[in-house]
Amino acid sequence: MRIVIADDAVLLREGLVRLLTESGHQVVAAVGDGDALVEAVVEHRPDVSIVDVRMPPSHTDEGLRAAVEARRLVPRTPILVLSQYVEVSYADDLLATTGGAGGGIGYLLKDRVAAIDEFLDALLRVAGGGTVLDPEVVGQLFARRRRDDPLRELTPREREVLALMAEGRSNTAIARALVVSDGAVEKHVRNIFTKLTLPPDTEQHRRVLAVLTYLRN
């Protein structure tokens with residue numbers, strides 16, 4: 001894959017360059033600020049970009065805003081965001097850029113990079129158009145449930161399936177995690193779409209809409 005990296009921490013940035021290069025990928029640009037990220041995405045049209053949320057000058061959400069801008073200028077460009085801390089609102093903002101257009105999106109804690117195989121797998125899923133959320137982000141979403149929660153009609157098992165969908169897992173991977181059949185997962189997914197009254201569309205689009213509903217409640 002052709003990859004752009006944006007992180008102002010030189011050691012992490014160079015470490016990612018080495019890891020990805022040794023894994024057979026090509027790093028077409030490695031930059032340290034949001035403006036440079038947007039320029040690199042527009043110029044290189046990478047297969048996926050890895051972006052730190054907090055970059056200069058204020059070290060708040062410059063990386064996230066640059067990622068959103070990059071997706072505006074290059075629709076569907078896959079973005080995997082890395083963050084030191086769980087910021088559910090950041091994940092929500094980034095996922096909102098998918099709309100109906102698709103394009104891979106991921107949000108992981110930086111600690112996950114140390115689990116090399118899992119990190120590379122997540123990167124491949126995002127590059128392939130999937131949605132990957134850190135399990136800790138998914139876990140914190142339950143603290144934000146409101147009384148008018150549109151998910152209230154879901155059964156506990158359907159909530160489990162939706163949580164795993166939010167982590168970017170396929171139906172087969174969900175079946176493995178829950179120790180059930182693929183057919184059972186497909187039934188749960190259909191029920192989720194029906195209960196959330198998602199409009200008929202492509203499977204991938206409805207999965208994204210379901211995850212967005214999950215994040216916002």
Side-chain angles (χ1 to χ4, degrees), residues 1-57 59 61-84 87 90-91 93-99 101-135 137 166-170 172-173 204-205 207-208 211:
M1 294 187 297
R2 299 171 65 257
I3 301 171
V4 166
I5 298 172
D7 197 312
D8 67 304
V10 177
L11 287 178
L12 178 58
R13 188 170 72 233
E14 294 306 314
L16 284 171
V17 170
R18 180 174 178 179
L19 168 63
L20 295 168
T21 301
E22 290 179 349
S23 298
H25 303 298
Q26 179 187 5
V27 177
V28 295
V31 301
D33 62 74
D35 290 342
L37 164 68
V38 174
E39 292 175 4
V41 169
V42 171
E43 177 183 354
H44 296 288
R45 308 293 171 115
D47 297 309
V48 63
S49 297
I50 302 171
V51 183
D52 183 18
V53 166
R54 300 183 177 187
M55 289 195 289
H59 293 278
D61 64 349
E62 282 86 355
L64 175 73
R65 287 189 282 112
V68 171
E69 176 65 6
R71 283 178 65 86
R72 185 185 72 81
L73 295 173
V74 185
R76 301 177 60 89
T77 187
I79 301 280
L80 174 60
V81 166
L82 298 179
S83 179
Q84 190 70 41
E87 296 280 2
Y90 289 169
D93 289 345
L94 190 62
L95 277 164
T97 68
T98 60
I105 283 294
Y107 183 104
L108 292 179
L109 292 180
K110 286 187 174 181
D111 291 346
R112 304 297 177 194
V113 177
I116 295 174
D117 289 342
E118 293 180 15
F119 171 69
L120 292 175
D121 177 66
L123 191 63
L124 285 169
R125 280 188 280 158
V126 171
T131 301
V132 176
L133 290 180
D134 194 284
V137 175
E167 292 180 18
R169 304 200 193 195
S170 65
T172 299
Q204 182 62 27
H205 184 197
R207 289 178 85 91
V208 170
V211 169

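Positions are given from 1 along the sequence. Only heavy atoms go into these numbers, but all of them, side chains included; no hydrogens, no water, no symmetry mates.
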| Set of salt bridge (charged side-chain N to carboxylate O under 4.0 Å, His left out) partners for Arg45, sequence neighbours left out | none

| request: Would you check if Pro57 and Glu62 make a side-chain contact, meaning some heavy-atom pair closer than 4.5 Å? | output: yes

| field | Pairwise distance CG(Leu109) to OG(Ser83) - rounded to 0.5 angstrom | value | 6.5 Å

| field | Inter- and intrachain pairs under salt bridge (Lys or Arg N to Asp or Glu O under 4.0 Å), touching residues 13-23, at least two apart | value | Arg18-Glu22

| field | side-chain contact (heavy atoms from CB on, under 4.5 Å) between Asp52 and Lys110, intermediate numbers included | value | CA-CA 9 Å; Asp52 183 18; Lys110 286 187 174 181; 3.3 Å; yes

| query | Who pairs with Asp33 by side chain to side chain contact (heavy atoms under 4.5 Å, CB included), at least two apart in sequence or on another chain? | reply | Asp35, Ala36

| said: Could you work out, with side chain to side chain contact (heavy atoms under 4.5 Å, CB included) as the rule, every residue matching Ala70, not counting sequence neighbours? | reply: Val41

| field | Point-to-point distance, once rounded to the nearest 0.5 Å, from CG of Leu108 to CD of Glu167 | value | 10.0 Å

| task | Please name the pair of heavy atoms, one in Ile5 and one in Leu16, separated by the smallest distance, quoted to 0.1 Å. | result | CD1-CB, 3.7 Å

| note | All heavy atoms of Val4 vs all of Pro46, minimum pair found to be CG2-CG, 3.7 Å

| field | Contacts of Gln26 that satisfy side chain to side chain contact (heavy atoms under 4.5 Å, CB included) - sequence neighbours left out | value | Arg2, Val28

| field | Residue pair Ala67 / Ile79: nearest heavy atoms and the distance that separates them | value | CB-CG2, 3.9 Å

| said: Walk me through whether Ile3 and Asp47 qualify under side-chain contact (heavy atoms from CB on, under 4.5 Å). | reply: CA-CA 6 Å; Ile3 301 171; Asp47 297 309; 5.8 Å; no

| request: Of all the heavy-atom pairs spanning Val38 and Ala66, show the shortest one and how long it is. | output: CG2-O, 3.5 Å

| request: For residues Arg207 and Arg169, report the shortest heavy-atom separation together with the two atoms involved. | output: NH2-O, 3.1 Å

| request: Take Leu123 and Ile50 through the test side-chain contact (heavy atoms from CB on, under 4.5 Å) and record every step on the way to the result. | output: CA-CA 8 Å; Leu123 191 63; Ile50 302 171; 3.8 Å; yes

Show me the donor-acceptor pairs, under 3.5 Å and distance only, between side chains in residues 111-121 and residues at least two apart or in other chains.
from, atom 1, to, atom 2, distance (Å)
Arg112, NE, Asp134, OD1, 3.4
Arg112, NE, Asp134, OD2, 2.7
Arg112, NH2, Asp134, OD1, 2.9
Asp121, OD2, Arg125, NE, 3.2
Asp121, OD2, Arg125, NH2, 3.4

| request: Just jot down the side chain to side chain contact (heavy atoms under 4.5 Å, CB included) partners of Glu39, sequence neighbours excluded, or say none. | output: none

| task | Apply the test side-chain contact (heavy atoms from CB on, under 4.5 Å) to residues Ile105 and Arg71: give CA-CA distance (whole Å), side-chain angles for both, the deciding distance (0.1 Å), then the verdict. | result | CA-CA 10 Å; Ile105 283 294; Arg71 283 178 65 86; 3.5 Å; yes

| query | Got a second to check how far Tyr107's OH is from Leu82's CG, nearest 0.5 Å? | reply | 9.5 Å

| For Pro56 and Asp8, which heavy atoms make the closest approach, and how far apart are they? | CD-CB, 3.5 Å

| note | Rounded to the nearest 0.5 Å, the CZ atom of Arg65 sits from the CE atom of Met55 at a distance of 10.0 Å

